[in-house]
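Comments concern the structure below.
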Amino acid sequence: MLGALLAAVFGLPLLALLVLAASGSGEYLAHIASTRLTEFSRSSALLAILSGAVAAIIGVSCAWIVTRFEFAGRKLFEWLLILPLAMPGYVAAYSWYALTAPGSRLEQLIGIDLPTVSGIAGAAFIFAFTLYPYVFLLARNSLEAHGRLSWDVARSLGAGPWQAFAKVGLPLIWPAVAAGTALVAMEVLADYGVADFLGVSTLTVGIVRAWSSFGDPAAAAQIAVILLFGALIFLGVERGARGRRQFVSGEAEGLQSARTPLSGANSLAAILVCVIPITLGLVAPAANLAWLAIETQPARSIMAAVQGTALLATTSGLLAIIIGLTAAFALRSGRPAATAAIRFVQAGYAVPGAVAAIAILAALVVIQAGVNWMTGGAILTITGGSIFALLFAYQARFAAVAILPCESALGKVRRELDEAARNLGATPRQVLARIHVPLAASGVATAGLLVGIEVMKELPATMILRPFDLETLAVAAHNYASDERLAQAALPALVLLAICVPATAALNLLRPNA
Amino acid sequence: MSIKRSLKQGMACFAAALLASCTGGETEPDPDKLVIYSSRHYDSDYALYKAFEEAKGVTVEVIEADGDLLIERVRADGASNPPDVIITVDSGRLWRADQEGLFAPAESEFLNERIPASMRHADGHWYGLSSRARVIVYARDRVDADALAGYESLADPAFEGRVCARSSGNIYNISLLAALIDRWGETRAQDWASKVAANFARAPQGGDSDQIRAVAAGECDVALVNHYYFARMARSEEDDVSGLAVFWPEASPGVHVNISGAGVASGARNPELALSFIEFAASDEGQRLFPELTNEYPAVTSVSYSNDVLDAMGKFTADPLSGSVIGGNQELAQRVFDRAGWP
């Protein structure tokens with residue numbers, strides 16, 4: 001029931017998208033199919049797979065290192081490693097391109113010709129190093145939840161460290177890795193800014209062109225539907241990878257043995273593995289921006305933008321918690337219809353923000369007409385330009401980000417616990433308050449924070465739907481950057497980072513066993 | 001500011017925003033408020049809004065969004081949040097917005113007198129305010145200016161592996177090709193586009209400034225860009241473009257220019273105030289802001305301004321092709337690009 005309601009509300013934009021797509025003539029689709037559709041699809045798939053794979057490798061290795069070994073600075077790295085999530089992809093792309101383009105200041109400084117961050121490889125580099133924290137977070141939480149007993153047992157039975165990792169460690173955390181990688185892949189599929197700037201012809205670039213060059217939102221919707229199917233395939237692969245495996249680890253927390261201490265060269269190697277992603281994903285591009293910002297006189301005050309960003313992020317984070325929990329409970333009920341509906345809503349994550357916003361605008365116009373009809377006049381404005389529309393758009397777009405952590409948090413609340421509590425005479429409400437809430441709290445708060453961070457970084461939907469007087473840092477940075485004034489864009493981008501970084505760091509406080 | 005205080009402010013702001021959205025709808029129009037939808041976000045524009053506010057004692061509210069988003073937003077809910085003035089970049093987009101019925105006719109003798117006929121709509125639906133020229137920037141030490149004739153030079157096999165340009169999805173490239181299709185016909189225009197693509201030194205990436213930097217760094221020798229990025233870089237200390245020069249691809253009928261323009265919105269609550277804003281933007285005071293702050297050419301040619309870099313670039317003849325031809329050809333232009341393999 002809850003799931004159906006949720007799907008009805010947040011599936012509406014997707015439904016609007018399908019209707020919009022069906023209203024088109026298909027003429028553009030025919031043109032693009034005979035010219036560039038293959039290239040678009042190939043680039044999208046390749047970019048998503050490449051970014052996801054590299055992000056998974058970075059995320060899993062770092063998670064493994066910080067949970068299994070003890071070395072200087074380990075605790076610090078545990079939360080530093082999450083921070084690149086604060087870096088919006090388009091900001092990283094602008095900054096890295098400026099750093100590595102031929103004749104750049106960095107090249108002059110170090111006197112070496114760097115490979116330019118561009119094309120598919122460049123875009124995958126940007127995505128992998130700014131999005132790997134999704135994999136890292138989920139993998140680390142999973143590693144901690146499972147303890148290390150099975151690993152120790154494997155080792156004592158004669159398995160080498162790699163063998164133990166491959167045969168015991170990886171299978172245990174596989175569902176978490178798959179979920180994190182799926183998030184990365186979906187975000188890559190939905191991206192427009194990075195791909196366009198670095199010259200990768202992805203499906204999203206095709207979608208925006210259908211609209212900007214052909215003035216044909218219906219054609220854009222048609223390609224968006226193709227993309228949506230792609231996203232569903234990725235989600236399907238993720239579910240498949242997860243399989244029906246449910247690992248019940250019988251370890252009590254006290255049984256967790258200590259981390260293996262590393263010394264000398266091994267310790268240095270561990271530090272290096274942790275430093276590289278932080279540097280490439282956050283420090284280097286941010287330092288370049290700081291350099292530019294110091295040299296540049298700000299054109300306008302950004303105080304209003306700071307307030308707008310904070311307002312949208314906090315509100316959306318709170319809403320996401322409510323929605324994520326509702327969905328997770330619906331999923332837990334195990335009803336196939338609810339599950340299917342929620343998977344559909346989750347796929348909305350891969351719809352490019354601009355297309356989602358247009359679909360939402362179309363859907364809201366219909367709802368508005370209904371509201372007006374019921375109330376006999378316009379007493380409530382929910383269409384574009386109202387904060388309602390924008391908040392709705394964020395939830396529809398980031399439902400996947402809200403649902404996955406809630407789902408995995410509730411997954412920890414095993415059914416036996418419910419049954420045991422009920423057998424001991426607890427009412428369903430008591431089960432919720434005494435068992436579900438405390439056990440799931442960290443995952444739920446993670447969902448709220450993740451959505452808050454996503455909202456701070458979100459660009460296209462914010463630009464289309466925001467109220468007249470609502471400025472945000474992302475919009476301010478984009479306006480300058482799109483006019484090729486990176487130096488002016490640097491200040492709002494840095495302030496955005498200054499807010500996102502602590503929010504991201506807070507993710508670390510929320511992990512289980514912290 | 002303490003966290004608590006900013007939190008409080010945030011809450012107040014949120015409450016106010018919710019309230020505003022609840023009480024929105026059909027309120028009485030405020031005669032002293034001008035609502036502008038703009039796809040431009042330049043210092044010259046902010047200076048213009050501010051000067052207008054001070055001159056008329058009114059408030060200007062601006063919503064900015066990229067060109068196509070802007071059109072879609074006006075189309076979708078212009079009824080509940082009607083703009084008075086719509087400003088957008090590119091004559092093709094102005095044409096498209098007009099096709100969507102977003103502009104209302106607004107006659108002004110002042111504007112008709114000052115703005116050349118090729119830079120405004122025949123029935124006063126929109127008026128051009130400034131323009132940017134699509135030019136060829138070349139490295140002086142590696143390219144002989146005599147070897148350049150017009151846009152067709154970019155397709156010359158002599159420039160194989162030496163040309164830089166941004167991707168074909170960019171509106172400036174689309175409008176240029178739309179104009180060339182009118183000039184040369186579709187077959188020759190496609191032939192040109194595929195030959196230019198074959199001459200690329202690298203896959204299209206980045207914006208116009210990045211193409212100019214690539215020429216400066218020796219990665220390519222010629223680049224197809226808007227003049228105003230070059231002027232901006234020449235005026236800044238961060239970029240060294242002293243080894244580069246602008247070539248005006250003037251071969252008849254002239255250099256392709258991209259027009260920014262404004263029109264009174266259909267459904268405007270304050271149409272008279274809207275028209276007076278456009279007239280203000282076309283006044284000497286308004287017009288000089290465009291070259292001085294944004295390095296664009298003013299629509300009113302008689303206006304005097306100070307900008308050494310623009311002066312040094314010299315005069316050129318602009319292609320007077322109307323926005324309706326460019327707008328009408330844009331879709332075809334993107335198809336031609338797709339077929340020609342210009343990414």
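Order of the sequence lines sets the chain letters (A, B, ...), proteins ahead of strands, with each chain counted from 1.
Proximity to chain B is absent for every atom of Ser34(A), based on heavy atoms less than 4.5 angstrom apart. Residue contact with chain A, scored on non-hydrogen atoms closer than 4.5 Å, is absent for Phe337(B). Interface remark: Arg96(B) contributes side-chain atoms only to the contact with chain A (heavy atom separation under 4.5 Å). Neither the backbone nor the side chain of Ala93(A) has a heavy atom closer than 4.5 Å to any heavy atom of chain B. At a 4.5 Å heavy-atom cutoff, the contact between Ile32(A) and chain B is made by side-chain atoms alone. At a 4.5 Å heavy-atom cutoff, Arg40(B) makes no contact with chain A through either its backbone or its side chain.
Between Thr35(A) atom OG1 and Arg339(B) atom CZ the span is 8.5 Å, to the nearest 0.5 Å. For the atom pair Asn479(A) CG and Ser39(B) OG, the distance stands at 10.5 Å (nearest 0.5 Å).
Of residues 169-178 of chain B, those residues with a non-hydrogen atom less than 4.5 Å from any non-hydrogen atom of chain A are, in numerical order, Gly169(B), Ile174(B). Inspection of non-hydrogen atoms places Arg232(B), Glu238(B) of residues 230-239 of chain B under 4.5 Å from chain A.
Annotation: Glu27(A), atom CD; neighbour count of heavy atoms from other residues, nucleotides and ligands within 6.0 Å does not exceed 12.
Ion pairing of Arg213(B) with Glu484(A) is absent here, as no side-chain N (NZ or NE/NH1/NH2) approaches a carboxylate O to less than 4.0 Å.
When only modelled atom types and interatomic distance are considered, Ser168(B) and Arg209(A) share a side-chain donor-acceptor pair under 3.5 Å.
Between Pro343(B) and Arg36(A) there is a side-chain heavy-atom pair separated by less than 4.5 Å. Using a 4.5 Å heavy-atom cutoff, the side chains of Gln334(B) and Tyr28(A) are not in contact. In this structure, the side chains of Tyr97(A) and Gln205(B) come closer than 4.5 Å at one or more pairs of heavy atoms.
The greatest number of non-hydrogen atom pairs below 4.5 Å with chain B, out of Ala101(A), Ser118(A), Ser104(A), is found for Ser118(A).
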